[in-house]
Engineer: 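Here's a structure for you.
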Amino acid sequence: MTTTKVLTSWYSINKRDFPWRNTINPYKIWLSEIILQQTQIKQGLPYYEAFTAKYPTVFDLANADESDVLKLWQGLGYYSRARNLHATAKHVVDTLNGQFPNNYKELLALNGIGDYTASAIASICFNEKTAVLDGNVYRFLSRYYGIDTPINTTIGFKVFKALAQDILSKKNPAEHNQAIMDFGSRQCTPTNPDCTVCPFNKSCVAFKDHLVDQLPVKIKAKKPIKKYFNFLVFVSDSRETIIEKREEKGIWKNLYQFPLIETEKDPNLKEFHSQLKDYTIIKDLNYELSLYNDVDIVHKLSHQHLHTKFWIINLRKLPISGIPIKKIRDFAVPVLIENFIEDFNF
DNA sequence: AACCCGGGGTT
DNA sequence: AACCCAGGGTT
């Protein structure tokens, strides 16, 4: 039996039913693929439901404000996905008459669509013969063929993309692509795969050579750097607070936060109090400063560990314009801020 | 080619 | 604390 035959027959038995598997509407497939980038289905599914409910067509999404799109995306991470999603919706409506491109090459040109997503949409929606290469496919191919080329390198991409393309079913690329990803996800799992029940265990190189737990090979990520974040949580007598939009590039672009002072080290209350005297919007003001969390909240991202303190500043009147505290949940904020807002019971 | 960009999870 | 998961864009 061919590889594709084994994969698709496994898939016909083990296929799970997800809302994006009952459609070949490019808008819906695109939405699901963007949401599921770097994201588990369990985490992404509620967001898919929310987006398709609020924005049933690409026109609805294009007409939305970016701030509303980011609010709906809140908590999912990698927020450039949401910004690109919105920009691409506008582009499709404004210059393509609301029609998504129907081929890999033109899909690839859209913001937020790279090799994987272009291949997925082109094959699933238009049955184009383009192999998908996601983490699940890398894992299955590296083990089955015993390839130890690091997957997160330029050469690794070329080697595995060529192999994926080579074994792709030219008859039914849509089904093949979904089958190989699901197989990697659920049978050829990252840790402790149950190879005894695997339909490939007679021909898998990694299984034969006891290399399953050593493949795929990946170049290690650098250690995350430590940063010290001090958020200023203003609370005025009239129940207002100050938030600001992160405009600069970097993490959380276009999301909101409390005014932030980043320090080199972990400041104690006295040190921080004296540092505040130099802070433009607050100097010369009468206020009462207290530290909300005795122990730093450490928010862990892939490349940064954010050691965070929330400083409560009670005062009579805000030094600059703010927002009513009861409106704060209307703004898109990072999970770190969201957790504080819920815990503080604003 | 190296680096950045969130958030979730397990050992 | 150290490890796992992982596409796209920028430099």
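The analysis underlying the following values was restricted to heavy atoms, covering all of them including side chains, and did not include hydrogens, waters or symmetry mates. Chain naming here is simple, since letters A, B, ... match the order of the sequence lines and numbering starts at 1 in each.
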Engineer: Roughly how many Å is it from OH in A/Y47 to C1' in B/dG8, rounded to a whole number?
Structural biologist: 11 Å
Engineer: Counting side-chain heavy atoms from CB outward, which of B/dC4, B/dG6, C/dA6 is closest to A/T39?
Structural biologist: B/dG6
Engineer: For A/S80, which contact category applies under a 4.0 Å heavy-atom criterion: base, sugar-phosphate, or nothing?
Structural biologist: nothing
Engineer: Closest to the A/V335 side chain: B/dG6, C/dA6, B/dG8?
Structural biologist: B/dG8
Engineer: Over how many whole Å does the gap from A/L255 atom CG to B/dG6 atom P extend?
Structural biologist: 8 Å
Engineer: Please state how far atom CD in A/E338 lies from atom C1' in B/dG7, giving the value in whole angstrom units.
Structural biologist: 12 Å
Engineer: Using the P atom in both, what is the distance from B/dG6 to C/dT11, to the nearest Å?
Structural biologist: 15 Å
Engineer: Starting at CD1 of A/I34 and ending at C1' of B/dG6, how long is that distance when rounded to a whole Å?
Structural biologist: 16 Å
Engineer: For A/S236 and A/S238, test the side chains for any donor-to-acceptor distance below 3.5 angstrom and give the result as yes or no.
Structural biologist: yes
Engineer: If you pin A/Q304 and A/T154 to their nearest nucleotides in DNA chain B, which one's is more 5'?
Structural biologist: A/T154
Engineer: Give one of base, sugar-phosphate or nothing for A/R83, where a contact means two heavy atoms less than 4.0 Å apart.
Structural biologist: nothing
Engineer: Do other residues, nucleotides or ligands put more than 12 heavy atoms under 6.0 Å from A/K129 NZ?
Structural biologist: no
Engineer: Which is true for A/N136 with a 4.0 Å heavy-atom rule: it touches a base, it touches only sugar-phosphate, or it touches nothing?
Structural biologist: sugar-phosphate
Engineer: Quiz question: going by heavy-atom distance under 3.5 Å, is there a donor-acceptor pair between the base of C/dG7 and the side chain of A/T117?
Structural biologist: no
Engineer: Both A/N192 and A/G250 contact DNA chain B. Which one's nearest nucleotide lies toward the 5' end?
Structural biologist: A/G250
Engineer: Would one find more than 12 heavy atoms of other residues, nucleotides or ligands at under 6.0 Å from atom CG of A/N286?
Structural biologist: no
Engineer: Quickly work out the A/Y79 OH to B/dG8 C1' distance and round it to whole Å.
Structural biologist: 12 Å
Engineer: Atom NZ of A/K222 and atom C1' of C/dA2: how far apart are they, to the nearest Å?
Structural biologist: 18 Å
Engineer: Taking only side-chain nitrogens and oxygens of A/K249, does any of them come within less than 4.0 Å of OP1 or OP2 of C/dT11?
Structural biologist: yes
Engineer: Which nucleotide, B/dG6, C/dG7, C/dC4, lies nearest any side-chain atom of A/K220?
Structural biologist: C/dC4
Engineer: Throw together a table of side-chain donor-acceptor distances under 3.5 angstrom for residues 264-274 of chain A, partners on residues two or more places apart or in other chains.
Structural biologist:
residue	atom	partner	partner atom	Å
A/D266	OD1	A/K309	NZ	2.3
A/D266	OD2	A/K309	NZ	3.4
A/N268	OD1	A/K270	N	3.1
A/N268	OD1	A/E271	N	2.8
A/E271	OE1	A/N268	N	3.0
A/S274	OG	A/E271	O	2.9

Engineer: Now, which nucleotide makes the Watson-Crick or G-U wobble pair with B/dT10, with each of the two distances under 3.5 Å?
Structural biologist: C/dA2
Engineer: OP1 or OP2 of C/dC5 sitting under 4.0 Å from any side-chain N/O of A/Y138?
Structural biologist: no
Engineer: Looking only at the side chain of A/N84 (C-beta and beyond, no hydrogens), which of the listed nucleotides B/dG6, C/dG9, B/dC4 gets closest?
Structural biologist: C/dG9
Engineer: Answer with base, sugar-phosphate or nothing: what part of the nucleic acid does A/Q37 contact at a heavy-atom distance below 4.0 Å?
Structural biologist: sugar-phosphate
Engineer: Could you tell me whether the phosphate oxygens of C/dA6, OP1 or OP2, come under 4.0 Å of any side-chain nitrogen or oxygen in A/K218?
Structural biologist: yes
Engineer: For B/dG7, take OP1 and OP2 only and decide whether either is under 4.0 Å from a side-chain N or O of A/H299.
Structural biologist: yes
Engineer: Over how many whole Å does the gap from A/N152 atom CG to B/dA2 atom P extend?
Structural biologist: 10 Å
Engineer: Yes or no on ring-ring contact (aromatic ring centres under 6.0 Å, His included) for A/F200 and A/F183, after CA distance, side-chain angles and deciding distance?
Structural biologist: CA-CA 11 Å; A/F200 289 107; A/F183 183 85; 5.4 Å; yes
Engineer: Looking at A/W252, does any N or O in its side chain come under 4.0 Å of the phosphate oxygens OP1/OP2 on B/dG7?
Structural biologist: yes
Engineer: To the nearest Å, how far apart are A/Q38 CD and B/dG8 C1'?
Structural biologist: 12 Å
Engineer: In this structure, which one of A/F258, A/F229, A/F231 forms a ring pair (Phe, Tyr, Trp, His ring centres under 6.0 Å) with A/F340?
Structural biologist: A/F258
Engineer: Rounded to the nearest 0.5 Å, what separation is found between the CZ atom of A/F344 and the CG atom of A/N339?
Structural biologist: 15.0 Å
Engineer: Base, sugar-phosphate, or nothing for A/Y116, non-hydrogen atoms under 4.0 angstrom?
Structural biologist: sugar-phosphate
Engineer: Considering heavy-atom distances to DNA chain C, does A/Y78 or A/I113 have its closest nucleotide positioned more toward the 5' end?
Structural biologist: A/Y78
Engineer: According to a strict under-4.0 Å criterion, is A/R81 in side-chain N/O contact with OP1 or OP2 of C/dG9?
Structural biologist: no
